[in-house]
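For reference, positions follow the sequence shown, starting with 1.
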Amino acid sequence: MHIFDTLDHKLIALLREDGRAPISKLATILDVSRATVQARLDRLLDSGAVLGFTIRAREDHGPDGVQAIMMIEVSGRSTTAVIKRLRGLPELRSLHSTNGKWDLIAQLSAANLSDFDRVLREVRVVDGITNSETSILLSTI
């Protein structure tokens, strides 16, 4: 397990802002050599602290018209069966277990409101789901 120092934390923060930043730019900002940045980056990748580089696209500019978050309450011991059923929905973007009133949080995506309505009906009839609350995401800030 790698212990992160201040330079590691600063490097990760810079990469979160711009994962495409050249090594030379990172070195200048951090006031270290390019070799130091490359060595740190290699170590962060090797340790698994940094999994890779990607882009962050605005959700409201994607191909899907309706994005929503659904909080789901599950009865008794049916969580595993509910998860298995929900994971079969192509409109399900992500599914998270949580604590508190809601047992699961699902991120849903649909091409239009009609499809979104259909997805809501499909989710509501899943055996084991006792309650749900859905919020449509209007914009990404």
Side-chain angles (χ1 to χ4, degrees), residues 1-32 34-141:
M1 184 162 128
H2 178 72
I3 304 292
F4 302 122
D5 64 13
T6 304
L7 183 59
D8 293 326
H9 287 288
K10 287 179 180 178
L11 178 57
I12 291 169
L14 288 171
L15 290 170
R16 282 187 174 137
E17 288 179 26
D18 181 5
R20 296 180 57 206
I23 298 293
S24 58
K25 179 180 178 184
L26 296 169
T28 300
I29 294 169
L30 295 170
D31 196 28
V32 297
R34 290 185 320 189
T36 298
V37 171
Q38 187 64 59
R40 293 293 181 115
L41 186 54
D42 290 343
R43 193 171 69 216
L44 290 169
L45 286 163
D46 290 343
S47 73
V50 173
L51 299 175
F53 303 90
T54 187
I55 65 160
R56 291 183 307 166
R58 286 183 47 168
E59 291 293 329
D60 58 347
H61 279 66
D64 300 316
V66 181
Q67 305 284 324
I69 298 294
M70 176 183 268
M71 286 73 68
I72 302 167
E73 183 179 5
V74 178
S75 65
R77 298 176 183 234
S78 58
T79 304
T80 301
V82 168
I83 290 171
K84 187 179 281 189
R85 174 66 179 93
L86 291 177
R87 289 180 71 188
L89 293 173
E91 295 85 2
L92 181 76
R93 292 280 205 200
S94 63
L95 186 62
H96 309 274
S97 61
T98 186
N99 66 334
K101 178 181 178 183
W102 305 107
D103 300 301
L104 299 170
I105 307 250
Q107 182 178 355
L108 304 171
S109 177
N112 53 50
L113 285 174
S114 178
D115 283 346
F116 181 68
D117 184 45
R118 176 191 47 78
V119 172
L120 291 182
R121 284 193 312 271
E122 287 179 23
V123 170
R124 289 179 181 138
V125 298
V126 171
D127 285 338
I129 293 180
T130 55
N131 193 14
S132 68
E133 181 178 322
T134 305
S135 295
I136 292 177
L137 303 176
L138 300 176
S139 65
T140 300
I141 301 169

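Atom CG of residue L120 and atom CG of residue D115 lie 11.0 Å apart, to the nearest 0.5 angstrom. Atom CD1 of I105 sits about 7.5 Å away from atom CD1 of I69, to the nearest 0.5 Å. Taken to the nearest 0.5 Å, the NZ atom of K25 stands 10.5 Å off from the CZ atom of R20. Separation of atoms CG (L11) and CG (L44) is listed at 6.0 Å; rounding is to 0.5 Å. Separation of atoms CG (L86) and CE (M70) is listed at 8.5 Å; rounding is to 0.5 Å. Residue Q38 holds its CD atom at 4.5 Å from CD1 of I23, rounded to the nearest 0.5 Å.
A pairwise comparison of heavy atoms in T79 and G76 identifies OG1-O, 4.4 Å as the closest pair. Between D103 and V74, the shortest heavy-atom distance links the atoms OD2-N, 2.6 Å. In terms of heavy-atom proximity, V123 sits nearest to I129 at O-CD1, 3.4 Å. Closest of all the heavy-atom pairs between S78 and G128 is OG-CA, 3.4 Å. Residues L92 and A106 approach most closely at CD1-CB, 3.6 Å, considering heavy atoms. Closest approach of V66 and N112 over heavy atoms only: CG2-C, 3.7 Å.
A salt bridge between D5 and R40 is present, with a side-chain N of the basic residue lying under 4.0 Å from a carboxylate O of the acidic one. For the pair R43 and D8, the salt-bridge criterion is met [side-chain N within less than 4.0 Å of a carboxylate O].
Side-chain atoms of T36 and L30, non-hydrogen and from C-beta on, never get closer than 4.5 Å to each other. Contact check for M71 versus T98: no side-chain heavy atoms found under the 4.5 Å cut-off.
Annotation for D18: atom CG counts as buried by contact number, over 12 foreign heavy atoms lying within 6.0 Å. Atom CZ of R118 has more than 12 heavy atoms from other residues, nucleotides or ligands within 6.0 Å.
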